[in-house]
Amino acid sequence: MLDIKRIRENTLEVQAGLDKRGNYNLNPVLMLDEKRRKMLVNVEEMKNRQNIVSKEIPKLKKENKDCSQIFKEMKELSDKIKDLDAEIRLIDGDMRNQLLRFPNIPNAQVIVGKDEADNKEIRKWGEPRNFDFEIKAHWDIGVDLDILDFERAVKITGARFSMFKGEGARLQRALINFMLYTHCVEHHYTEISPPFMVNRESMTGTGQLPKFEEDAFHIPSKDLFMVPTAEVPVTNIYRDEILAEEDLPQYFTAYTPCFRQEAGSAGRDTRGLIRNHQFDKVEMVKFVHPDNSYEELEALTKNAEKILQLLKIPYRVVELCTGDLGFSSAKTYDIEVWMPSYNRYVEISSCSNFEDYQARRANIRFRDGSSKKTRFVHTLNGSGLAVGRTFAAILENYQQPDGTVTVPEKLTHYMWGKTVIGK
RNA sequence: GGAGAGAUGUCUGAGCUGGUUGAAGGAGCACGCCUGGAAAGCGUGUGUACAUGUAAGUGUACCGAGGGUUCGAAUCCCUCUCUCUCCGCCA
């Protein structure tokens, strides 16, 4: 959420930031803000009078004076206050609703651009392998090895669901364990196993609501949402809390399944594991001091890259331009893995600095040691990594002419010693 | 699911027969005194948010959340959420 004070005092700067992202008009919210403050001053004066008189009444009563005239006057005042308060409440709700629908302002350094095409490649790692045989896509490799079963998943549930079987199920779990091990032991994150359903407040805190409700799976009987990413439960760990400055930074990692409607993606990536309603992901979340959140973003991105390096799969890192930036993000690096069947790099991780945007929505603060004032923390998160897409990348990049798949060296331990799938 | 109890500031814990209560007492924390140093002791201070003001300050709101009664509500009434105890059911 954007700060109304900042909008009020630096209107042009904020407007310029929003212009980099699309069509947003600050005027309606500014007009509400002005109206609200005028009414506030007015009603607060009235309340002040009410308080002063209220304190006098017990004294007058003690002196046995007649208060009926005052009561009558105060009743009128009280009614006026109630009307004004109700009106202000309406404006408050309206304002908040509007503020929640403004995206974050991109960091000033971020490349200004329209869409994906304007993103900038930052670095590349590894060389895509040269295959001297006809390569197969992961959905064919998986089905042929009987470790993936899409048809039965569709029967059991429906389109865009998948089922892992035997060594497939094991590989899925191996990846989760390997990623968690790496982040916990080598990168010093604390593992969280959060609830897989969250309430409306949590979804609003991280920015999924109110604007993107159609993307989420909703359970009406309880008004809960299936987590679209572990970012939601984990970032909300500290919602409405004030941390001590020395508690920062805090690093968390969490495995969860992720549930997404994929509204608006009809017809895209319909085969395989790339775009499902349910997929596994290991997520990294950081709560950091505002002064060094950009160093933390670089480190977070490297932590995600480390997984692909250890798995020896080629990838590249892309900086998103302002037009391609996620709603809540101020700066984002996407990590794209080499996917032979697509013959291009495919997004496997998105690492973002939200600055104070989520912290403001979720009201996550810390107490500044020197000024004693509360400040909003900066939140960051990144996939580390999307497990389904990593699974697909392994199948495709490690496929052999005989249809088997070599297990990446780092995973054999988690695969109970298995070095080749399909043998 | 049934019956009951509760939710107060960083914590603990009063108030709950409505009126100087932002909220007693205690603990913690910060600063000062004391001390060779420390502990103890003494003193002072110690919430958040919004508005207003160049500022010091001032005002308003907040005792789980939201409504209501009243001139006035932490205190009375209603609804909801959560916690605890007992019973039932259950992985």
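Sequence lines set the chain letters: A, B, ... in the order given, protein chains first and strands last, and positions in each chain run from 1.
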### Query
Looking at Arg89(A), does any N or O in its side chain come under 4.0 Å of the phosphate oxygens OP1/OP2 on G66(B)?
no
### Message
Just N and O in the side chain of Arg37(A): are any of them under 4.0 Å from OP1 or OP2 of U52(B)?
### Response
yes
### Of the listed nucleotides G59(B), C71(B), A51(B), the one nearest the side chain of Leu40(A)
A51(B)
### Pairwise P distance for U70(B) and C11(B), with rounding to whole Å
36 Å
### Task
Look at all strands and tell whether Lys55(A) reaches a base, only sugar-phosphate, or nothing, counting heavy atoms closer than 4.0 Å.
nothing
### Query
What distance, rounded to whole Å, do you find between the two P atoms, one in A24(B) and one in U8(B)?
15 Å
### Query
Considering only side-chain heavy atoms of Pro58(A), which listed nucleotide, U48(B), G67(B), G19(B), is closest?
G19(B)
### Task
Could you check whether Ile57(A) gets within reach of a base, just the sugar-phosphate, or nothing at all, counting any heavy atom under 4.0 Å?
base
### Query
What is the nucleic acid contact for Lys5(A), judged by heavy atoms within less than 4.0 Å: base, sugar-phosphate only, or nothing?
sugar-phosphate
### Task
Specify the closest pair of heavy atoms between Met163(A) and Arg152(A), including all atoms of both residues, with the distance to one decimal.
CE-CB, 4.3 Å
#### Entry: Integer-rounded Å distance: C82(B) C1' and Leu224(A) CG
14 Å
### Task
Determine the contact category for Arg49(A): base if any of its heavy atoms lies under 4.0 Å from a base atom, sugar-phosphate if only primed atoms, P, OP1 or OP2 are that close, otherwise nothing.
nothing
### Query
Which nucleotide, G47(B), C50(B), U60(B), lies nearest any side-chain atom of Arg367(A)?
G47(B)
#### Entry: Side chain proximity check, Thr379(A) to Val285(A), heavy atoms < 4.5 angstrom
no
### Query
Which of the following nucleotides, G19(B), U69(B), A51(B), is nearest to the side chain of Ser54(A)?
G19(B)
## Note on the structure
Per atom distances to the Thr374(A) side chain, the nearest of U52(B), U60(B), U48(B) is U48(B)
### Query
With respect to the side chain of Lys75(A), which nucleotide from C50(B), U52(B), C71(B) is positioned closest?
C71(B)
### Query
Between U60(B), A51(B), G67(B), which one does the side chain of Asn51(A) approach most closely?
U60(B)
### Task
May I ask you to evaluate whether Arg36(A) reaches the phosphate of C50(B), defined as a side-chain N or O under 4.0 Å from OP1 or OP2?
no
### Task
With the side chain of Ser78(A) defined as its heavy atoms from C-beta on, choose the nearest nucleotide among G72(B), U48(B), U60(B).
G72(B)
### Query
At under 4.0 Å, does any side-chain N or O of Arg8(A) touch on OP1 or OP2 of A51(B)?
yes
### Query
Which of these nucleotides, C50(B), U70(B), A61(B), is closest to any side-chain atom of Glu44(A)?
C50(B)
### Message
Can you check the distance between A74(B) and C62(B), where both ends of the measurement are the P atom (answer in whole Å)?
### Response
6 Å
### Task
Please measure how far the C1' atom in G47(B) lies from the corresponding atom in C29(B), and state the result in whole Å.
13 Å
